[in-house]
Amino acid sequence: MSIHDFTPAKTCCMVVRINLDCNACCRKARKIILNMKEIETHMIAKQERRIVLCGRFTPADVAIKLRKKMNRRVEILEIQEMGGSDRIEEPRPIISAS
């Protein structure tokens, strides 16, 4: 087990560049992405050679997993964290001046 197993992953969107030559490469990438449980949505742009991934994951872990399974170089172009903090804010009590 790694340290990443104990840290909660944040919701984020990540854009990666990967060489997608043919339709078979796109199908293989889609199959790999669909088998990753932490990815909620994805979009594959074959012409731009980009894949957009959204979900609750650690970006480095997903990029490494994609590189190993596709056997191609994966370049992270952009990472955008969604949402705010994970803590729940408590409501403040209402104090009336009497």
Side-chain angles (χ1 to χ4, degrees):
M1 292 192 144
S2 68
I3 188 100
H4 298 293
D5 294 337
F6 301 110
T7 57
K10 296 185 179 185
T11 303
C12 61
C13 279
M14 176 174 70
V15 180
V16 296
R17 180 184 299 154
I18 186 168
N19 192 12
L20 299 170
D21 299 351
C22 58
N23 290 335
C25 296
C26 290
R27 284 194 305 269
K28 185 175 181 180
R30 184 178 314 277
K31 182 179 175 186
I32 291 167
I33 291 167
L34 289 174
N35 285 332
M36 292 185 197
K37 293 177 177 41
E38 58 267 9
I39 296 176
E40 296 169 4
T41 60
H42 71 280
M43 183 188 75
I44 299 174
K46 181 181 170 188
Q47 297 296 326
E48 291 85 25
R49 297 180 179 173
R50 293 177 190 223
I51 300 176
V52 180
L53 306 167
C54 295
R56 294 185 59 83
F57 57 84
T58 307
D61 291 345
V62 171
I64 290 169
K65 201 181 292 188
L66 192 60
R67 185 192 69 77
K68 284 183 179 178
K69 293 187 178 202
M70 285 289 294
N71 198 19
R72 292 175 187 248
R73 188 179 75 201
V74 174
E75 180 182 350
I76 298 175
L77 298 177
E78 182 182 346
I79 300 171
Q80 183 179 7
E81 290 189 13
M82 298 295 184
S85 60
D86 290 340
R87 62 187 176 104
I88 300 171
E89 294 189 22
E90 297 177 13
R92 295 182 182 179
I94 299 172
I95 301 172
S96 62
S98 308

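Numbers here are sequence positions counted from 1.
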### Task
With rounding to the nearest 0.5 Å, note down the distance linking NZ in K28 to NZ in K69.
10.5 Å
### Message
Among residues at least two apart in sequence or on other chains, which ones pass salt bridge (charged side-chain N to carboxylate O under 4.0 Å, His left out) with R49?
### Response
none
### Query
According to a 4.5 Å side-chain heavy-atom criterion applied to Ile, Leu, Val, Met, Phe, Trp and Tyr, with indirect links allowed, do I32 and M43 form part of one hydrophobic cluster?
no
## Note on the structure
So CE of M70 and CD1 of I33: to nearest 0.5 Å the spacing works out to 8.5 Å
### Message
What's the separation between atom CD in E75 and atom CZ in R67, rounded to the nearest 0.5 Å?
### Response
14.0 Å
### Query
Going only through I, L, V, M, F, W and Y residues with side-chain contacts under 4.5 Å, is there a path from I76 to I51?
yes
### Query
Considering all heavy atoms of both residues, which atom of V16 and which atom of L66 are nearest to each other, and what is their separation?
CG2-CD2, 4.4 Å
### Message
I need the minimum non-hydrogen distance between M14 and A63, along with the two atoms involved.
### Response
CE-N, 4.4 Å
### From M36 atom CE to F57 atom CZ, the distance as rounded to the nearest 0.5 Å
9.5 Å
### Query
Below 4.5 Å, heavy atoms only, C-beta onward: do E78 and V52 meet side chain to side chain?
no
### Task
May I ask whether L77 and M82 are part of the same hydrophobic cluster, defined by side-chain heavy atoms of I, L, V, M, F, W, Y residues being less than 4.5 angstrom apart, directly or through others?
no
### Message
I'd like to know whether NZ of K46 has more than 12 heavy-atom contacts from other residues, nucleotides or ligands below 6.0 angstrom.
### Response
yes
### Cystine candidate C54-C12, SG separation under 2.5 Å
no
### Message
So does I18 get a backbone contact from the side chain of R72, meaning a donor-acceptor N/O pair under 3.5 Å?
### Response
no
### Message
Would you say CG of N35 has more than 12 non-hydrogen atoms from neighbouring residues, nucleotides or ligands within 6.0 angstrom?
### Response
yes
### Query
Say you draw a straight line from SG of C26 to CG of L20; how long is it, rounded to the nearest 0.5 Å?
4.5 Å
